[in-house]
Amino acid sequence: MIRVRNVLPVLLGACALGAMMMTTPDFDSVFQPLRTTAQSGENAQGRLLSARFTDWQTTDQLSFNRYGTPVTRDTQGVFLIVDFDISNVRESVRLTATWQGRSGRQYVQSVRTEEAPGTLGVRQFHPGLEDQGRAVFELPRDEIEGGKLLLARRGPNILDSELALTPTVGAPMPHTALLSLTP
C-alpha cells in the first residue's frame, strides 16, 4: 500500500505532463501575425497602415517594360492582378502580399513579375501619403473565387498586423488574354 501511495503521484504527474505536451501549440501557431479582416470596399486597419481592396482581374499573359525593354510573361495557370489602396501609413514600410485560396493554400507574389510597374517588389509606402499597390500572383483558376489577399510588413512579421482583404463575393472579374501593366 505504501509503494502504491508513492508511485501513484509519479504516474499521475507523468500522465498530466504527457497531456500538457500533447496539447501545447507549436511555435509557428503561437507567434503568428495578428490578422484584421475587411470585406471589399472596407478599410482594414493594422498597426502600421490601413488598406482597402479596390480591383482584381485575371489574364493569361502579362506584358510590361523593364529598363525600357518589353517583357511578356505567360503561365500554366492564370495571373491574378489585385489592386488596393494604402492609407494611414505610420512609418515607411515595404509590404508583401499573399493570396490565400479557397482551399487554404497560400500563394506568394510571382517572382517573375517583381519588377513590373506598381507591384510591391518595387514599392515603398511612406507616412502622410495615400497610395495604391498592386500584387501579381500565378495560381490555378479554382483558387481565386473564395480567396483573400493578405498584406503584411516585409520581413519577420511575428506578432505584428496582417491585413486580410476580401473581394466582393460574386463580383464579376474581368479576364483578358494579354494585359499590359503600366505605372
Contact check, side chains of Leu80 and Val78, non-hydrogen atoms, under 4.5 Å:
no

If you look at every heavy atom in Ala164 and Lys148, which pair is closest and at what distance?
CB-CD, 3.9 Å

Is the shortest side-chain heavy-atom distance between Thr72 and Ser63 below 4.5 Å?
yes

Less than 4.5 Å apart, any side-chain heavy atom of Met173 and any of Thr58?
yes

If you group Ile, Leu, Val, Met, Phe, Trp and Tyr by side-chain heavy-atom gaps below 4.5 Å, do Leu150 and Val89 land in one group?
no

Hydrophobic clusters here meaning ILVMFWY residues chained together by side-chain heavy-atom distances under 4.5 Å, can you tell me if Leu49 and Leu165 are in one?
yes

Whether Arg153 and Glu91 form a salt bridge (side-chain N of Lys/Arg under 4.0 Å from carboxylate O of Asp/Glu) is what I want to check.
yes

Under 3.5 Å: donor-acceptor pair, side chain of Arg102, backbone of Glu145
yes

Regarding Ser103 and Glu143, is there a side-chain donor-to-acceptor distance under 3.5 Å anywhere?
yes

Do the side chain of Arg123 and the main chain of Leu95 share a donor and acceptor less than 3.5 angstrom apart?
no

State, with a plain yes or no, whether a side-chain heavy atom of Asp131 is found less than 4.5 Å away from one of His126.
no

Exam field: side chain Thr36 to backbone Ala44, donor-acceptor pair closer than 3.5 Å:
no

Write down the atom of Ala38, the atom of Glu42, and the distance for their closest heavy-atom approach.
CB-O, 3.7 Å

Rounded distance (nearest 0.5 Å) linking atom CH2 of Trp56 with atom CD1 of Ile81:
12.0 Å

hydrophobic_cluster_shared for Val136 and Leu151, side chain cutoff 4.5 Å
no

To the closest 0.5 Å, what do you measure between OG1 (Thr182) and CZ (Phe64)?
12.5 Å

Looking only at heavy atoms, which two atoms of Ala97 and Phe137 are closest? And how far apart?
O-CE2, 3.7 Å

Can you tell me how far CG of Asn88 sits from CD of Gln45, rounded to the nearest 0.5 angstrom?
5.5 Å

So do Glu115 and Tyr67 actually touch side chain to side chain, heavy atoms under 4.5 Å?
yes

Flag yes if Leu139 and Leu181 sit in one hydrophobic cluster, no otherwise; membership is Ile, Leu, Val, Met, Phe, Trp, Tyr, and two members link when side-chain heavy atoms are under 4.5 Å apart.
no

Nearest 0.5 Å, please: how far is CD in Gln39 from OG1 in Thr166?
4.5 Å

Please report the shortest heavy-atom distance between Leu163 and Gly46, naming the atom on each side.
CD2-N, 3.5 Å

Val82 versus Leu149, closest heavy-atom pair with distance:
CG1-CD2, 3.6 Å

Is it the case that one hydrophobic cluster holds both Trp99 and Ile86, taking links as side-chain heavy atoms less than 4.5 Å apart, direct or via other members?
yes

Quick one: does Ser50's side chain have a donor or acceptor within less than 3.5 Å of a partner on Ser87's backbone?
yes

Hey, is the main chain of Phe79 close enough, under 3.5 Å, to the side chain of Thr59 for a donor-acceptor pair?
no

Would you say the side chain of Val108 lies within less than 4.5 Å of the side chain of Thr96, judging by non-hydrogen atoms?
no

Any non-hydrogen side-chain atom of Thr54 less than 4.5 Å from a side-chain atom of Gln132?
no

Applying side-chain hydrogen bond (donor to acceptor under 3.5 Å, both in side chains), run through Thr98 and Gln106 and close with a yes or a no.
CA-CA 6 Å; Thr98 306; Gln106 294 188 350; 5.2 Å; no

Restricting to non-hydrogen atoms, name the atom on Thr113 and the atom on Leu62 that form the minimum distance, rounded to 0.1 Å.
CG2-CD1, 3.7 Å

What's the separation between atom CZ in Arg94 and atom CD in Gln124, rounded to the nearest 0.5 Å?
6.0 Å

How many angstroms lie between atom CZ of Arg134 and atom OG1 of Thr119, to the nearest 0.5 angstrom?
8.0 Å

